[in-house]
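I have a structure here, written as structure tokens, and I will follow up with some questions on it.
Remember, it's 1-based here, ligands and their atoms both numbered in the order they're listed.
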Amino acid sequence: MAFFDLRWQDFLDILIVAFLIYRVLMLLVGTRAMQLLRGVLIIGFIGAVANILELRSLSWIIGKMLGAFIIVVPVLFQPELRHMLEELGKGHLWKVGRNEEDIDLRAEQLSKALTYCKSQRIGALCVLQRDTSLKEVWRTAVMLKADITEELLISIFWPGTPLHDGAVVMDQQSIVAAGCYLPLTEKTDISRWYGTRHRAALGVTEMSDAIALVVSEERGEITAAVAGHFSKPLSEAQLKKICNHYFSFESKESNFMDRLREEIQQQWAGGDKNV
Ligand SMILES: Nc1ncnc2c1ncn2[C@@H]1O[C@H](COP(=O)(O)OP(=O)(O)OP(=O)(O)O)[C@@H](O)[C@H]1O
């Protein structure tokens, strides 16, 4: 078919299909199904090469294998498919913006965890990564890439556990790493009451645009550090507001293409290893 034979309906068709692929990929990013996609792409690539080289038996086997995926995929990925259908039912597949429920949930989990640490006088330091990558900080720490939950954060900071020393670094989607060693501030004009936890919080916000939330074990208060400066002790409502603001902030890191690229790099690097 020549290019000029294309009807306006064909353009509409292509646009709709591209949009559907984009939304489905968006739902898949960060799930187990991405590993399957990697497998299918590798098999498809081998199949294409076999076709070009006219390796008939190999292309026949690969053709059959890809056909079998139609039956295998719904069985293996029943939970993911159910989630996708639920999202479709809630209308999230059509929304171009991010999921507000997720943003609220993460903000609530983080603020609840820090409030609990405060009430129990458990020292904690959470660094909320923004556009400046903190790879240098977390690459030598313990990688987690875990969902942001109150229980996990409390367990990390619980005194005596292997990860309680050091900082937690998170991004808008997950707890990236724990037990991170941060650079200390060089400032000399800060209160002598501030020990190394607070100095580390100032240090990381001087070298990046991150936000650091500190729970003081001695004073039982929560403060936020931004650009090398501390806030006054935060109330629960103020803490929630900061968390909400952070998770709803449209940073470069939350950009879908960046997330997809990161996911693909991770998949090709062999899973959850340090990059
Ligand atoms: N460079 C660092 N990076 C990350 N965390 C650090 C660093 N240095 C110290 N910490 C954390 O701070 C803890 C020590 O806190 P310290 O009592 O010295 O600080 P502080 O500012 O007085 O805090 P608090 O008010 O909670 O006592 C360490 O156990 C460790 O968890």
Neighbour count above 12 (heavy atom, 6.0 Å) for Phe45 CZ: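 Atom CZ in Phe45 is not crowded, with 12 or fewer foreign heavy atoms closer than 6.0 Å.
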N or O pair under 3.5 Å between Gly195 and ligand 1: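 Looking only at distances, the answer is yes, because the N/O contact criterion of under 3.5 Å is met.
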Nearest-neighbour protein heavy atom for atom 25 (O) of ligand 1, which is reported as residue plus atom name and distance: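 Nearest neighbour among protein heavy atoms for atom 25 (O) of ligand 1, to 0.1 Å: Ser216 OG, 2.5 Å.
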Protein contact to atom 26 (O) of ligand 1 [nearest heavy atom, distance to 0.1 Å]: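 Ranking protein heavy atoms by distance from atom 26 (O) of ligand 1, first comes Glu217 N, 2.6 Å.
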Please output the side-chain donor-acceptor pairs of residues 149-157 that fall under 3.5 Å, not counting sequence neighbours, one pair per line with the distance.
{"from": "Thr149", "atom 1": "OG1", "to": "Leu152", "atom 2": "N", "distance (Å)": "3.2"}
{"from": "Ser155", "atom 1": "OG", "to": "Glu151", "atom 2": "O", "distance (Å)": "2.7"}

Close-contact set for ligand 1 against Leu184 heavy atoms, below 4.0 Å: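 Near Leu184, the atoms of ligand 1 are 1 (N).
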Close side-chain approach of Thr223 and His198, heavy atoms under 4.5 Å: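 Answer yes - side chains close enough.
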Point-to-point distance, once rounded to the nearest 0.5 Å, from CE of Met170 to CZ of Arg106: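 Answer for the CE-CZ pair, Met170 versus Arg106, is 10.5 Å.
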Identity and separation of the nearest protein heavy atom to atom 12 (O) of ligand 1: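 Looking at atom 12 (O) of ligand 1, the protein heavy atom closest to it is Arg197 CB, 3.4 Å.
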Contact partition for Cys180 relative to ligand 1, non-hydrogen atoms under 4.0 Å: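 Only the backbone of Cys180 comes within reach of ligand 1.
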Protein heavy-atom partner closest to atom 28 (C) of ligand 1 - residue, atom, separation in Å: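 In this structure, atom 28 (C) of ligand 1 has Asp165 OD1, 3.4 Å as its nearest protein heavy atom.
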Show the atom names and distances, to 0.1 Å, of all donor-acceptor pairs under 3.5 Å that link a side chain in residues 179-188 to residues at least two apart or in another chain.
{"from": "Thr185", "atom 1": "OG1", "to": "Lys187", "atom 2": "N", "distance (Å)": "3.1"}
{"from": "Thr185", "atom 1": "OG1", "to": "Glu206", "atom 2": "OE1", "distance (Å)": "3.2"}
{"from": "Thr185", "atom 1": "OG1", "to": "Glu206", "atom 2": "OE2", "distance (Å)": "2.8"}
{"from": "Lys187", "atom 1": "NZ", "to": "Gly228", "atom 2": "O", "distance (Å)": "2.4"}

Atom 1 (N) of ligand 1: nearest protein contact (heavy atom, Å):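 Heavy-atom neighbour on the protein nearest atom 1 (N) of ligand 1: Leu182 O, 2.8 Å.
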Arg219 N/O to ligand 1 N/O under 3.5 Å: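 In fact, backbone or side chain, Arg219 has no N or O that close.
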Side-chain donor or acceptor of Gln172 paired with backbone N/O of Tyr246 under 3.5 Å: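 Indeed, once roles are kept as given, a pair shorter than 3.5 Å links the two residues.
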Of the listed options Val127, Ile122, Thr196, Leu163, closest to atom 18 (O) of ligand 1 (non-hydrogen atoms):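 When every heavy atom of Val127, Ile122, Thr196, Leu163 is considered, Thr196 comes closest to atom 18 (O) of ligand 1.
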Residue and atom name of the nearest protein heavy atom (relative to atom 21 (O) of ligand 1), distance in Å to one decimal: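 For this ligand atom, the closest protein heavy atom is His198 ND1, 2.5 Å.
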Test item: Ile16 and Phe19 side chains (from C-beta on) under 4.5 Å apart, heavy atoms: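 A side-chain contact under 4.5 Å is absent here.
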Gln9, CD: over 12 other non-hydrogen atoms inside 6.0 angstrom: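 More than 12 heavy atoms, drawn from other residues, nucleotides or ligands, come within 6.0 Å of this atom.
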Top protein contact for atom 5 (N) of ligand 1, by heavy-atom distance: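 Going by distance alone, atom 5 (N) of ligand 1 is nearest to Gly166 CA, 3.3 Å.
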Distance from atom 27 (O) of ligand 1 to nearest protein heavy atom, with residue and atom: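 Looking only at protein heavy atoms, the one closest to atom 27 (O) of ligand 1 is Glu218 OE2, 3.2 Å.
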Over 12 foreign heavy atoms within 6.0 Å of CD, Glu236: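 It does not: Glu236 CD has 12 such atoms or fewer within range.
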